[in-house]
Amino acid sequence: MSHPSMRLSRRSALLGLTTAFTLGRASLALANAATEQRFVVVILRGALDGMAAVVPYGDSALTELRGSLLLPEPGRDGGLLDLGGFYGLHPAMPAMHQMYTQGQMLPVHAVAGPYRVRSHFEAQDYLEYGSNHALTSGWLNRAATLLPATRGGTETALAVGTSIPLLLRGQAPVGSWLPKTNGRPEPELYSRMLAIHQKDPITGPAVANGLKERGFTEATLSTPEAGNRYAFPALCASAGKLLAAADGPRLAALEIGGWDTHAAQKNRIGGTLKQLDDGMASLKAGLGDAWPKTVVMIMTEFGRTVRVNGTGGTDHGTGAAAFVLGGKIAGGKVLANWPGLATHNLFENRDLQPTLDLRSLAKGLLASQFNLDARAQSTVFPDSAHASAVPGLLRV
Amino acid sequence: MDMNTAHALIRFGLGRRGSEDLPADPKAWLARQLDGPDPYLSLPGPSTADGLTALQEDRRDPNKEPGKRRERVRELFQGEVATLANHVLTTPDGFRERLVWFWYNHFTVSLRRGECTGALPGYFREAIRPHVTGRFQDMLLAVMTHPAMIMYLDNQQSFGPDSLVGQRQKKGINENLARECLELHTVTPAAGYTQADVTSFAKILSGWSIEINKIPAGFMFRRFAHEPGPKTMMGQVFTEGEEGGRMALSFLAEHPATYHNLATKLVRHFVADVPPPAAVAHIASVLHTTKGDLKAASLALIALPEAWQPLTKLRQPQDYVISVLRALDLPADKRPPNLPGIISGLGQQPFAAPLPNGWPDTAADWDGPEAILRRIDWAYGMTGRAANMDPDALAGATLGPLLGETTKHEMHRAGSRRDALALLVASPEFNRR
């Protein structure tokens, strides 16, 4: 490929993008296609607790399973934002809730890929391969190869951030660019660093005192750091502007970490959800007139256990939540075949039972957005014949 | 990887590079690195004379405006730094390279004296590297006659008060080089020398100077700056002239106190912050019986049973950064471009130790809270360039049996591959050597 870094630095200068890259665990990758339709995938790395983001407060088993993590029901002080009477959205997500009320946001629940592993790394790989085994490319890249190429050809794809996510790797060219600064870890990673150094006679006291000197306390280590609070929204705003440009890219992969809430979930998750919510508001604003031509799919590698663990958090699970956003999305309802939380309904007696294949959701979105037929869909998601595209995701 | 292999790579080397071949016999592998000349010397680069000529050209440039004036020294030095950076990240001979940096630190010439910059590549290439597996006496002589050291410790400004120049220009000796040679490079104050010995040694070395205007530029003994007559130092009489200085350096090089000093520093560097006395005594005796054979001393280090005990030392920032980058083994276009800048950011600006005694060599000198947190932050940033690597595989390849259960546990619980990689390279295990 020719010089994507040159292209990006010119563009990033125009958009003030360079300031956005003092990032923690947020990154952006972009690819071009000769189409007016935009497609954005947001990966929530670390496994979002779907039952904390889209709370099934109407399920009678919930209180016993989740008592200590639950927020008040909709309408009460600090309560959930109502999603039609059975589900409620976490109150840290007002912008996405507004999109919901405008019929432009569709929460999806009890969804999972074809894999049943609970390792973050494997699950993230499979999520991005779009398969339950390793492939040579990510599904968004395979989708890119099926779209008409731009005249610019190979020079028009870019990635921002420190490496190209698997999701967008493959034959379709994607450039990469390394930002000068990489940001600092989020509090959650610092607290893990503290854990591994704690007993070391040399580095243990240094790490503990260093974090203290930087103003971290045990309380702040369990809430998201201010330093990263603006990074993801800023990146989303830039992504929106890039995608909106007449000669801009058409596919984007965004990622944001910080979801692995094994402990103190109630304190931690609100801040990260707010970053996501701010990010989606910024993306929409950046897209401007292109918002009706845009589909955004937010997904995570797996859900989390339905029961609270011993440290006020949740562990790696199975059924998860996802979100679909966009000006033409047939939203304003929740897409779910709710499996129920009674013990006999759980997957392996611990997780939310998945009732929808994530690939069906992605296929349905790609089909409506790019007119990909069944054959093209099976190129994007091989061996997925039984996971047919969800119809009617876009308003016509 | 077994424990001895891990120790050979980490305690004695620069860390494993990616998945480079592992030695079948770690001790033999270390020993073999000491055979033959330093492979670095086959890489093209500037000589001392090149550096001094560049310095003179820069000085003579009438244009003093930044950005417009000649910067031959800077260009020459940065070229050498690029060669060095690539070498430390890719060499299979980590032990030899560690010895090079050990001896450079022992004979520190710091860029805090800016005029030494041009001659520094030649200092490594001509004074340090050729003698790392040779005799200490030869290294000492090469260092003390090297323009970089002479400029660093002001000896070109040292004039015998009774020399021709001293008499005419009313100039005297500058003790700096003589004092540091006694105190740091050779016998140390433990030898019991007096101020009179320092003054006398300074007179012995008066006239050891540089010639920068001729080609090739380099060391020059200036007879008219040299104090006439024989001199007595530490009870020994040394004749007038350059030869007297050479004899004095031989005397100092072979002094038992020097061997003890070198042995202590070697054992502290490669074994433990508090050097086990028996190990020091053994290395000193090897130096004594071999008359300062540094290859023999290095081989004796490998043979110390204490050198195969659990790792207790903290990697210094330079060592740490190099070992992380070797482990990640990024393709050339993904490597961070400014290696010295990174190491400086972690508190150890390369080639720029604050004082002639070089960088300190114990954990307590490097384990400040902010210093360790900066390593963590940097490690986190750097693993962003390698976020698709398999953390377990990398842990196995670089730390092998040294990886502890707690780190492994937290790596497995980490929310992303990048976090797991950051935990690995920022772990206490990775900070050890």
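Order of the sequence lines sets the chain letters (A, B, ...), proteins ahead of strands, with each chain counted from 1. Computation of the quantities below employed the complete heavy-atom set of this structure, encompassing side-chain atoms and omitting hydrogens, waters and symmetry-equivalent molecules.
- Heavy atoms of A/Asn209 lying under 4.5 Å from chain B belong to its backbone as well as its side chain.
- Ranked by heavy-atom pairs under 4.5 Å with chain B, the list A/His120, A/Lys199, A/His262 is led by A/His120.
- Note that CG of B/Asn388 is 8.0 Å distant from CG of A/Asp125, once rounded to the nearest 0.5 Å.
- Listed options B/Thr406, B/Leu373, B/Ile372 were ranked by heavy-atom pairs under 4.5 angstrom with chain A; first place goes to B/Leu373.
- Only the side chain of B/Pro391 has a heavy atom closer than 4.5 Å to any heavy atom of chain A.
- In this structure, B/Lys265 places its NZ atom where more than 12 heavy-atom neighbours from other residues, nucleotides or ligands lie under 6.0 Å away.
- Remark: of the listed residues A/Ile202, A/Val207, A/Thr203, A/Thr203 is the sole one forming a side chain to side chain contact (heavy atoms under 4.5 Å, CB included) with B/Pro428.
- For A/Arg192 (side chain) and B/Arg413 (main-chain N/O), a donor-acceptor pair under 3.5 Å exists by modelled atom type.
- Here CD1 of B/Ile376 is found 7.0 Å from CD1 of A/Ile196. Values are rounded to the nearest 0.5 Å.
- Proximity to chain B (any heavy atom under 4.5 Å) is restricted, for A/Glu301, to the side chain, taken from C-beta onward.
- With rounding to the nearest 0.5 Å, the separation of CZ in A/Phe121 from NE2 in B/His412 is 7.0 Å.
- For A/Ala195, the parts lying under 4.5 angstrom from a heavy atom of chain B are both the backbone and the side chain.
- With hydrogens and angles disregarded, a donor-acceptor distance shorter than 3.5 Å links the side chain of A/Gln124 to the backbone of B/Gly415.
- Comparing B/Ser427, B/Ala426, B/Ala414, B/Ala422 by how many heavy-atom pairs each has under 4.5 Å with chain A, the most go to B/Ala414.
- Between chain B and the residues A/Gly46, A/Ala208, A/Ala206, the largest count of heavy-atom pairs under 4.5 Å involves A/Ala206.
- Proximity to chain A (any heavy atom under 4.5 Å) is shown, for B/Asp367, by both the backbone and the side chain.
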- Query: For A/Arg45 and B/Asp419, what are the C-alpha separation, side-chain angles and deciding distance, and is it a salt bridge (charged side-chain N to carboxylate O under 4.0 Å, His left out)?
  - Reply: CA-CA 10 Å; A/Arg45 287 197 196 281; B/Asp419 284 4; over 6 Å; no
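- Contact of B/Ala364 with chain A is not made at all, since no heavy-atom distance falls under 4.5 Å.
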